[in-house]
Every structure is written in C-alpha cells, then in structure tokens.
S.K.: 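One structure coming up, written as structure tokens, with questions to follow.
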2 protein chains.
Amino acid sequence: MESETRREIIEATNRALCEHGYASLTMKRIAAEASMTTAAIHYHFDTKEELLNAFLDELIERFEQELACNASDPRERLNAYLDAVFTPPDPASDGFSVAIMELKAQAPYHDLFRERFLDLDELMREVVADIIEDGIQAGHFEETDPDEVARLVTTVSNGAHARTVALGEQADETHQVLEHTLELHLGWKPGSEVIA
Amino acid sequence: MESETRREIIEATNRALCEHGYASLTMKRIAAEASMTTAAIHYHFDTKEELLNAFLDELIERFEQELACNASDPRERLNAYLDAVFTPPDPASDGFSVAIMELKAQAPYHDLFRERFLDLDELMREVVADIIEDGIQAGHFEETDPDEVARLVTTVSNGAHARTVALGEQADETHQVLEHTLELHLGWKPGSEVIA
DNA sequence: TGGTATTAACTAACCAGTCAGTCAAAATTC
DNA sequence: GAATTTTGACTGACTGGTTAGTTAATACCA
C-alpha cells in the first residue's frame, strides 16, 4: 500500500524540485518541504534514487491521466488532447512542467529516466496516431500518414514545453500555429466546434 | 584578450558538463578534465558562476555561427537553416546539444541564462521569418504569416533538440516531417533541388 | 507491550573557494 | 648585460559548510 507519508514526501520532492531545480534538490530541502527530518525520509525510501524513481512514476502517471479522454469523435479527442497538452496546468499542480523538464535533462545520465520518457513518448505518439487513423477512417480527416502527423504533434508539444520552462513563454501562440498546421494536414480546423 | 588557458578551461567545462550533467558539474571535475587544480581555475575565473557565464557565451556564439549562411536565394537559405539545425553536430563539437539542454533546464533558476536563451530564440525566429518574408516577396513561397511559420520551425527544432537529448532519438524523421509541413505552408518542398 | 514512525546526533565524503608558497619568464634597475 | 625585482600562472593544503546515508534512542499508537 501507498502510505500517506510517502505521498507527502513525493509531493515535497515536487515542490523542492520546482523551486530550486534538480542540481539543488537535496534530501534536506525535501525534508524541510515535508516538515520532517532527512532520516524520516530515509525510513520510507532507502536511497535518494529510490525516491526519485517513485517521484518520476507519480509524475508520468499524472501526465497520462491528464491526457485521458473518453470522447468517441476523433475531432473531439484531438481537441481534448491539444487542450491538455497546451493548457497551462492548474495552479494546484504548479511546477509540473518544470519538474518534467528537470528530469528530462537528467535522462542522458540516468537510464531509468530515459526509458520511462521513451515509454511515455511512444504512448503519446500512439494516442495521437490512433486518433488520426480513426478520423481518416471515419472520413473526417484527409488521407495522411498518421505516424508522421503524430510525430509532428508530439515534437511541437515537446518544443512548446521546453520553451515554456526555459523561456517562460506562454504556449498559446504555438497552440494556434499547430492548429493551423493540422488544418493543412488533416483538412479540418481543430479549434472549430464539432456539431454533435 | 582571451587567454589559451581560459579557452581550455571552458572546453573542459563542456566535456565535464556533457559527461556527467549539470547537477554533477563540480570545479574538481572541470579541473580534472583540464588537467589542472581547482585553484588554477579560480585564478582565471573568480567564481563558478563567472565560469558558467563565460561558457554559455561561448556556447551561444558557436550556435549562432553554425546558423550563419550567406546564400541569397531564400530557398537555399531555408535549406541551409534546416540542415544546420537538424544535422547532428560533427564529432569534434560533440555534446553540444547536451550542454545546451543542461543549461536550458537551469534557465528557470538562473535569470542570466534565461535572458540569453530568450535573445537567442528571438534571433532564430527573426532569421527564419526574414527568409520566409524574402521568399514570399520573391514569389517563391505562398502568402503566409512569416512569424507564424517561424514560430513553428523554431518550436519544432526545440522539440527535436529535447528529444535528441532526452530520448536519444535521431532527428531525421522530424526533419522530414517539418519539410513536408513547410511544403504545405509555403507551397515549396524544402528538400528539393534549387535550379540555379 | 510491541510494532510503527520519527528524531537527534552522527559519519565520511564532497563542495566551492582561500591561502601561502613555487617557479619561470618578463620587466626594471644599475 | 648582469643582477634584482615584479608579474603571471600555478600547486597543494586547507577551511567552513553541505552531502547522502546510518544509528541508537524515543515518541506514538493499537
């Protein structure tokens, strides 16, 4: 079972990571953020690495949940996906993007991190490709290579993410440009209303 | 003047950063990489931060040089730009992308870093927008919003960069997808030959 | 009372940065 | 032009502070 304290420690890790970055992410800071001592953290997580792995699990799980959409219409699903990716996260889960970026930058040196990001990436590309494939089959989208367009969408969202974090830029304009581009690829304006 | 030793230290910083990441970038490691003591580095750079600023200067300067292209034909210039961005850097300047990514991830906590990346980004967007504007004026490209397309190009290259570093992915496919997309936007296939 | 959770106090390694002193080459003086 | 002083570049040893992780004692709760 996942104890309440473990969850609190993981959330404290998130706060500490967002406030000071991975390079300054110390057990002491996490402990302070969780209002306990470092020894208490070591009681729940043997090593810092174990804690970080658990934290990344949580982060990716939350990310996947945010992408979930049970609409049936491909156009609605694509809209929901784009909104989920480009809409700034609610204040409750603040620093979410920053935390992901910090961990991404560690991927070259941390095999486990990289593998998880690879899995997440594959999943995201598949989700988008499936949506597009369905849309083509249903006659809503023009004939194109779903994998190619999916790669474009994920790469643009990766880029928007990096820009948001590193430059402090809003992703609105990028969202619009991507919608315009998808219009060219799919022959349908993602931003437009879908008549039920 | 820029002494030979300063340059060697900066290059050692690059190697140390690429090998172990920003979080493990210590003066000792840089010193070992430069085959000298930490005190020698402190003789040339008062603080670690001063060294890191000098290193980022170097990094951005090199990046800008790589983008330089003196062709006159807009299509050639766009081709050269895309090649420069997507072609994997020569083995000599290895780890270049990784170093940039590491420093980008520090931008949220390091105002100077962020400002420099903002300047670099603005420059890159302007370069692309200028190329497209020229191309439209010369009748080679269809009428579109140059800033919008420039934003798309830079965001895709940002995304491709992040993916290369974090996922270890080759940027080839992304390059192709972007070319295809630019074909839709500009009505001209960037990869195709230009008849002189 | 017995297991769970937490703490204070600790260790050994590591961090950026300092300091006194070395050494060769250049500048200055006679 | 030879002797002296100064300078630039550097080293090894050190400092105070921080790191992840350990341990033994203790609080809490069923």
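Side chains included, hydrogens not; waters and symmetry mates left out as well; all remaining heavy atoms used. Throughout, protein chains are lettered first and strands after them, A, B, ... in sequence-line order, and every chain is numbered starting at 1.
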S.K.: Where do B/R151 and A/E169 land on the salt bridge (charged side-chain N to carboxylate O under 4.0 Å, His left out) test, with the steps shown first?
M.R.: CA-CA 12 Å; B/R151 175 170 292 275; A/E169 185 187 72; 3.2 Å; yes

S.K.: Figure out the CZ/C1' separation between B/F45 and C/dT18, and round it to whole Å.
M.R.: 18 Å

S.K.: Working to the nearest 0.5 Å, report the span between CG of B/N79 and CD1 of B/I131.
M.R.: 10.0 Å

S.K.: Are B/R15 and B/E8 ion-paired here, with the side-chain N under 4.0 Å from a carboxylate O?
M.R.: yes

S.K.: Regarding B/H185 and B/E142, is there a side-chain donor-to-acceptor distance under 3.5 Å anywhere?
M.R.: no

S.K.: Rounded to the nearest angstrom, tell me the gap between atom CZ in A/R29 and atom P in D/dT18.
M.R.: 10 Å

S.K.: Report, one pair per line, the protein and nucleotides 7-9 of chain C atoms (nitrogen or oxygen only) whose separation is under 3.5 Å.
M.R.:
unit_1 : atom_1 : unit_2 : atom_2 : d
C/dT7  : OP2    : A/T37  : N      : 3.2
C/dT7  : OP2    : A/T37  : OG1    : 3.1

S.K.: Kindly say if A/H44 contacts the phosphate of C/dT6, meaning a side-chain N or O under 4.0 Å from OP1 or OP2.
M.R.: yes

S.K.: To the nearest 0.5 Å, what is the distance between CG on B/L56 and CZ on B/F113?
M.R.: 5.5 Å

S.K.: Atom NZ of A/K48 and atom P of C/dC14: how far apart are they, to the nearest Å?
M.R.: 15 Å

S.K.: Of the listed nucleotides (D/dT19, C/dA16, C/dT6), which one gets closest to any side-chain atom of A/T5?
M.R.: C/dT6

S.K.: Which whole-number value in Å describes the distance from B/K28 NZ to D/dC14 C1'?
M.R.: 14 Å

S.K.: Find the distance B/M27:CE to D/dA13:P and express it as a whole number of Å.
M.R.: 19 Å

S.K.: Taking CD from B/E50 and P from C/dG17, how many angstroms apart are they, rounded to a whole number?
M.R.: 10 Å

S.K.: Using 30° and 60° as the class limits, which term best fits the ring planes of A/H175 and A/F86: parallel, tilted or perpendicular?
M.R.: parallel

S.K.: Have a look at A/L25 and say if it touches a base, only the backbone sugar-phosphate, or nothing, with a 4.0 Å heavy-atom cut-off.
M.R.: sugar-phosphate

S.K.: Round to the nearest Å and state the distance from B/E49 atom CD to C/dC15 atom P.
M.R.: 19 Å

S.K.: Measure NE2/B/H42 against P/C/dT18 and give the value in whole Å, please.
M.R.: 6 Å

S.K.: For the pair A/F96 and A/F63, name the ring-plane relationship: parallel under 30°, tilted 30 to 60°, perpendicular over 60°.
M.R.: parallel

